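Owing to the predicted nature of the structure, the values given are computational and were not obtained by experimental measurement.
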Amino acid sequence: MSLKGHLVEFRKRLMISAAAIVVAMIVAFIIADPIIAFLAHPVELVNERRGDDFAALNFSGVTSAFDFRMRIAFTLGIFFAAPIWLWQIWAFIMPGLTRKEIRYTISFVAAAIPLFFAGCYVALTVMPHIIELMWGFTPEGGVNFYDAPTYYDFIFKLMLVVGISFVLPVFLVALNVAGIMSGRTILKGWRVAVLIATIFAALATPAADVISMLLLAGILSVLYVLAALVSLLFDRRKRKRADPLLPEPTA
């Protein structure tokens, strides 16, 4: 295909993806009320525990409520339309890939997507605890009026950070497949990985909630070790293909 043909194909798939996202955003905007109720639930829990109207979502501007819904609609729109725009991306790049590259790409995507959403779920699980910890610093006589867009940005960024952290082991395996890092190199860094996972978990969970911290740190550490073991397996297969009579290296 000529350069012009590639550009026409790219524009076509871009337009299809954009149209799918816009339609999904409209649907998400219509059904935003249950999502808003879910996001505001931790704030309601704070009020229930205190027995007063200590905390509330605040819409400070004329367009703040609309902006809040649009943020939710944009995020959910991308999520709802993901099967369409992911397929458009895949259909555009697939003709330029070899059969082996296609197999690896499908495997990595199939592993990364569930891990990302698992991380998002964990973030939503610990989110109420984080909010509870933060309002504990409010001085006597003060109240917490959470700016709704800022509140949503905090939740969205938390989900994004934890979700990406769950996908990092997949990137380690990808680096191994590309020949950049060996499985032994990844495995040797397990101490540093556990330390980083523990620090990250301590920052993402309340200091008083040790169980949540250990659970999150444990999950991240296990994912790292699994990535190292998978990389070691790939390294072993590479050695056998290179020289089937080559003995296994000693530790």
Side-chain angles (χ1 to χ4, degrees), residues 14-15 17-86 113 115-167 200-209 212-213 215-216:
L14 182 63
M15 294 299 294
S17 300
I21 292 175
V22 170
V23 172
M25 284 180 61
I26 295 174
V27 175
F29 187 87
I30 296 174
I31 64 171
D33 286 334
I35 306 299
I36 295 175
F38 173 77
L39 295 177
H41 184 63
V43 179
E44 296 176 359
L45 290 178
V46 171
N47 289 331
E48 290 178 4
R49 294 183 181 182
R50 288 182 56 95
D52 56 16
D53 295 329
F54 171 77
L57 287 182
N58 183 40
F59 299 92
S60 57
V62 176
T63 62
S64 294
F66 178 79
D67 179 59
F68 187 55
R69 283 178 174 268
M70 284 300 298
R71 289 170 185 258
I72 294 175
F74 180 75
T75 305
L76 293 182
I78 293 178
F79 170 74
F80 290 156
I84 297 177
W85 59 262
L86 283 174
I113 292 177
L115 284 173
F116 177 78
F117 286 111
C120 292
Y121 174 77
V122 171
L124 289 175
T125 302
V126 302
M127 176 194 65
H129 301 289
I130 297 176
I131 295 175
E132 180 182 354
L133 174 68
M134 292 298 102
W135 69 254
F137 292 100
T138 305
E140 188 68 26
V143 294
N144 277 344
F145 288 145
Y146 299 109
D147 180 64
T150 305
Y151 178 83
Y152 176 75
D153 286 344
F154 165 76
I155 297 174
F156 178 73
K157 291 175 182 177
L158 177 66
M159 293 174 59
L160 193 63
V161 169
V162 179
I164 291 176
S165 69
F166 271 56
V167 180
F200 175 80
L203 294 174
T205 56
D209 194 354
S212 296
M213 184 197 75
L215 179 63
L216 180 56

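- Taking the six-membered ring for Trp and the full ring otherwise, F116 and F166 have centroids separated by 6.0 Å or more.
- Checked against side chain to side chain contact (heavy atoms under 4.5 Å, CB included), Y121 has the following partners two or more places apart in sequence or in another chain: T125.
- Shortest non-hydrogen contact noted between Y151 and L39 is OH-O, 2.5 Å.
- Put simply, the side chain of D147 reaches to within 4.5 Å of the side chain of P149, judged on heavy atoms.
- Remark: the backbone N or O of I78 is paired with a side-chain donor or acceptor of W85 at under 3.5 angstrom.
- Atom-to-atom distance recorded for L160:CG and I155:CD1 is 13.5 Å, nearest 0.5 angstrom.
- The shortest distance between side-chain heavy atoms of D67 and F59 does not fall below 4.5 Å.
- In this structure, F79 and F74 have side chains that are not in contact, with every pair of non-hydrogen atoms separated by 4.5 Å or more.
- A heavy-atom distance below 4.5 Å is found between the side chains of I113 and F117.
- A salt bridge does not link D153 with K157: every distance from a Lys NZ or Arg NE/NH1/NH2 to an Asp or Glu carboxylate oxygen is 4.0 Å or more.
- Summarising the geometry, atom SG belonging to C120 is positioned 11.0 Å from atom CG belonging to L115; distances are rounded to the nearest 0.5 Å.
- Scanning all heavy atoms of the two residues, the minimum distance from A123 to M159 falls at CB-CA, 3.7 Å.
- The closest side-chain heavy-atom distance from F80 to I21 is not below 4.5 Å.
- Distance check, rounded to the nearest 0.5 Å: CD1 of I35 to CG of L76 gives 5.0 Å.
- Considering every non-hydrogen atom in both A28 and G77, the closest pair reads CB-N, 4.2 Å.
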